[in-house]
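Structure record follows, encoded as structure tokens.
Chain letters run A, B, ... following the sequence lines, proteins first and then strands; every chain starts at 1.
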There are 2 protein chains.
Amino acid sequence: MTRSDNIVLALSPIDEDLKLAFTVDCVIFGYDNDDLKVLTIECNMDPFMGMISLLGDFITQDEDADSAAKRILKYCTGNEDIFLEEVKSFSKPDRHPFGRVITIAFYSLVPISLTKLTDSADKHLKWVSVDEITEMAFDHKEILDNCLYQLRKSLREKPIGFELLPKKFSLKQLQTLYEVVLGIELDKRNFRRKLRSLNILIDLEERQQEVSHRPAKLYKFDEHSFEKKSSDGLKFEI
Amino acid sequence: MTRSDNIVLALSPIDEDLKLAFTVDCVIFGYDNDDLKVLTIECNMDPFMGMISLLGDFITQDEDADSAAKRILKYCTGNEDIFLEEVKSFSKPDRHPFGRVITIAFYSLVPISLTKLTDSADKHLKWVSVDEITEMAFDHKEILDNCLYQLRKSLREKPIGFELLPKKFSLKQLQTLYEVVLGIELDKRNFRRKLRSLNILIDLEERQQEVSHRPAKLYKFDEHSFEKKSSDGLKFEI
DNA sequence: TCAAAAGTGTTCAGGATACACCCATGG
DNA sequence: CCATGGGTGTATCCTGAACACTTTTGA
């Protein structure tokens with residue numbers, strides 16, 4: 001996979017008569033330093049030259065949209081086992097200057113600190129704070145906005161916040177994540193009581209290291225327990 | 001538009017080299033006689049000959065997926081102003097026997113009693129109870145299941161139940177709709193109090209006619225009031 | 001006057017919210 | 001011993017759930 005996998009550059013899978021192509025675009029959200037970011041690549045195609053764009057690629061003949069998205073994630077991070085959710089399609093006839101390019105948007109979640117971008121991808125990619133993004137190539141800003149909306153919705157309905165954090169995290173980190181992504185303030189005691197009552201965290205009996213104050217206890221997400229509770233009809237709601 | 005608009009029959013927009021085509025499929029939900037139904041068309045293509053299928057069509061060069069879905073709705077009902085929500089894409093490489101056909105699934109809601117199927121569509125189409133459907137052509141049963149799931153979710157989060165009822169309806173009708181679609185029982189008094197507190201119904205000061213018991217009061221949905229409340233952050237939740 | 005469905009209030013429990021102080025650690 | 005962030009409990013309010021009888025109409 002080369003840089004030409006940026007759909008901006010790869011032309012071959014576009015049928016020249018119908019000018020029809022089918023792609024996926026991934027909004028890869030990362031979280032680091034109490035900040036929500038998106039993985040971007042610089043666009044080198046007029047009229048969007050120099051603007052940032054999302055990671056996307058054609059869907060090949062032998063894969064479905066989901067697999068294509070996973071392939072992009074693996075290309076960027078070397079990892080396939082990443083949270084991924086389909087959001088919606090974007091298919092305005094004039095959305096792409098090369099012709100009819102219909103795309104399915106996904107968003108995915110990674111903790112930036114644990115995510116080494118692969119060598120091949122590294123030099124082209126950039127994490128950009130969501131707040132700082134005012135425009136993107138193509139209709140990618142619109143795609144980002146839709147995915148961000150969906151992320152916020154899902155974050156309140158399903159326990160996916162953990163996907164953005166390191167395996168071990170403190171309750172404070174988790175709370176800040178919710179506050180940053182949702183753009184709201186949460187009460188510390190109520191937040192903790194809520195999570196305690198959900199019973200989906202495992203106390204690791206460990207503490208933060210090398211902090212100049214009382215170190216926080218560390219937890220991990222109890223995926224197994226959640227799956228069980230979930231099928232019993234647990235209502236996750238923050 | 002002819003019957004060949006059923007994607008099963010129309011071949012031309014499939015590129016013969018790439019075998020790539022792009023379609024929409026509509027799960028058109030209708031409600032009648034306290035029963036949730038889906039509009040279907042008989043499939044006349046092997047290996048699905050005789051099975052029911054969803055209403056679908058190619059996306060043309062000058063429309064987006066949404067417009068294609070609306071076009072299908074207009075073809076079937078003569079009406080364009082119908083509730084429509086995109087659900088997800090279906091893109092398994094082998095999902096269609098003719099080649100690579102990627103589809104975007106939508107569901108829409110109509111009150112069957114108010115929906116005259118257009119003459120051209122009428123003879124081919126059939127309303128089938130959701131409960132009775134065990135198999136469909138292609139992966140349409142999977143599409144239906146996904147759309148039904150999404151309908152149930154949205155029905156609890158947004159005031160869309162009205163889309164399935166006549167303009168004027170009784171509270172009993174509305175409650176039964178929720179009970180039928182969600183497959184649950186609701187308490188009459190709690191349900192009515194809930195609706196009262198939401199303040200999104202207009203009392204028409206009218207009553208049912210020609211029923212052999214005390215006639216129920218009729219209401220209509222106050223779309224304007226809801227829009228206002230919604231932007232003020234009303235949490236609709238049933 | 002009967003059958004059939006419409007319509008209405010109260011109580012209780014559990015979850016959501018608001019709120020302030022002590023604790024542990026490193027420097 | 002001080003600065004910094006970690007950690008905890010209680011009182012109140014509100015919403016959701018459970019529950020039974022009276023009213024109106026047509027036949």
Side-chain angles (χ1 to χ4, degrees), chain A residues 33-35 155-159 165-166 168-180 182-220 229-230 232-238, chain B residues 33-34 155-157 159 161 165-166 168-180 182-220 229 232-238:
Chain A
N33 252 339
D34 300 348
D35 193 18
L155 191 62
R156 285 178 163 277
E157 293 173 355
K158 298 178 286 196
L165 291 177
K168 305 175 181 187
F169 52 85
S170 69
L171 293 177
K172 169 72 173 171
Q173 280 179 292
L174 187 60
Q175 182 179 340
T176 303
L177 167 69
Y178 275 87
E179 292 180 329
V180 166
L182 298 177
I184 56 176
E185 286 207 343
L186 295 169
D187 181 89
K188 182 160 60 161
R189 280 168 294 189
N190 294 338
F191 181 79
R192 284 161 188 247
R193 181 176 29 252
K194 180 78 192 180
L195 278 162
R196 225 178 293 136
S197 77
L198 287 171
N199 238 324
I200 54 175
L201 294 185
I202 296 175
D203 184 341
L204 291 171
E205 316 267 351
E206 273 181 75
R207 288 172 178 278
Q208 284 178 314
Q209 302 290 326
E210 305 175 10
V211 286
S212 72
H213 54 77
R214 175 176 176 175
K217 293 175 76 172
L218 296 177
Y219 297 83
K220 69 171 185 176
K229 290 189 181 62
S230 186
D232 292 355
L234 171 72
K235 199 177 134 210
F236 185 89
E237 183 77 38
I238 287 186
Chain B
N33 253 338
D34 301 348
L155 191 61
R156 286 179 163 278
E157 293 173 356
L165 290 177
K168 305 175 180 186
F169 52 86
S170 69
L171 293 177
K172 169 71 173 172
Q173 279 179 295
L174 188 59
Q175 180 179 342
T176 303
L177 166 69
Y178 275 88
E179 292 180 329
V180 166
L182 298 176
I184 57 177
E185 287 208 343
L186 295 169
D187 180 89
K188 180 161 61 160
R189 279 168 295 190
N190 293 339
F191 181 80
R192 283 161 188 247
R193 180 173 33 252
K194 180 78 191 182
L195 265 299
R196 225 178 292 136
S197 76
L198 288 172
N199 236 326
I200 54 176
L201 293 186
I202 296 175
D203 184 341
L204 291 171
E205 316 268 350
E206 272 182 75
R207 290 173 177 277
Q208 285 178 313
Q209 302 290 327
E210 303 175 13
V211 287
S212 74
H213 53 78
R214 175 173 177 175
K217 293 175 78 172
L218 296 177
Y219 297 83
K220 68 172 184 176
K229 291 189 180 64
D232 293 353
L234 171 72
K235 199 176 135 210
F236 186 89
E237 183 77 39
I238 287 186

Would you kindly give the [atom1]-to-[atom2] distance between [X] and [N], to the nearest whole Å?
X        : N      : atom1 : atom2 : result
B:Leu171 : C:dG7  : CG    : P     : 6 Å
A:Gln175 : D:dT8  : CD    : P     : 13 Å
B:Lys217 : D:dT23 : NZ    : P     : 17 Å
A:Leu195 : C:dA16 : CG    : P     : 12 Å
B:Arg214 : D:dT25 : CZ    : C1'   : 9 Å
A:Gln173 : D:dG5  : CD    : P     : 14 Å
A:Leu186 : C:dT17 : CG    : P     : 9 Å
A:Phe191 : C:dG15 : CZ    : P     : 18 Å

Run the side-chain donor-acceptor check on residues 185-193 of chain A: report pairs under 3.5 Å with partners two or more places apart or on a different chain.
| residue | atom | partner | partner atom | Å |
| --- | --- | --- | --- | --- |
| A:Asp187 | OD2 | A:Arg189 | N | 3.1 |
| A:Asp187 | OD2 | A:Asn190 | N | 2.9 |
| A:Asp187 | OD2 | A:Asn190 | ND2 | 3.4 |
| A:Asn190 | OD1 | A:Arg193 | NH2 | 2.5 |

Given that A:Pro215 and B:Val211 both sit by DNA chain D, which one's nearest nucleotide is further toward the 5' end?
->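 It is A:Pro215, whose closest nucleotide lies nearer the 5' terminus.
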So if I take every side-chain heavy atom of [X] and compare against [options], which nucleotide ends up nearest?
X        : options               : result
B:Lys194 : D:dG6, D:dG16, C:dA6  : D:dG16
A:Ser212 : D:dT25, C:dG27, C:dT8 : C:dG27
B:Arg192 : D:dG6, C:dT8, C:dA16  : C:dT8

For B:Phe169, enumerate each residue passing the ring pair (Phe, Tyr, Trp, His ring centres under 6.0 Å) test, keeping only those at least two apart in sequence or located in another chain.
->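 Only B:Phe162 meet the ring pair (Phe, Tyr, Trp, His ring centres under 6.0 Å) criterion with B:Phe169.
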Is there a side-chain contact between A:Ile200 and A:Phe236 (heavy atoms, below 4.5 Å)?
->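 Contact flag for A:Ile200/A:Phe236 side chains = yes.
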Counting only heavy atoms not in B:Glu237, do more than 12 fall under 6.0 Å of its CD?
->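 Yes - once you tally the heavy atoms of other residues, nucleotides and ligands closer than 6.0 Å, there are more than 12.
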Non-neighbouring partners of [X] that pass salt bridge (charged side-chain N to carboxylate O under 4.0 Å, His left out), sequence neighbours left out:
X        : answer
B:Asp34  : none
A:Glu179 : none
A:Lys168 : A:Glu206

Could you pull out the protein-nucleic contacts involving nucleotides 17-20 of chain D (nitrogen or oxygen on both sides, under 3.5 Å)?
| residue | atom | partner | partner atom | Å |
| --- | --- | --- | --- | --- |
| D:dA18 | N7 | B:Asn190 | ND2 | 3.0 |
| D:dA18 | N6 | B:Asn190 | OD1 | 3.1 |
| D:dA18 | N6 | B:Arg193 | NH2 | 3.3 |
| D:dC19 | N3 | B:Arg189 | NH2 | 3.4 |
| D:dC19 | N4 | B:Asp187 | OD2 | 3.2 |
| D:dC19 | N4 | B:Arg189 | NE | 3.4 |
| D:dA20 | N1 | B:Arg189 | NH1 | 3.2 |

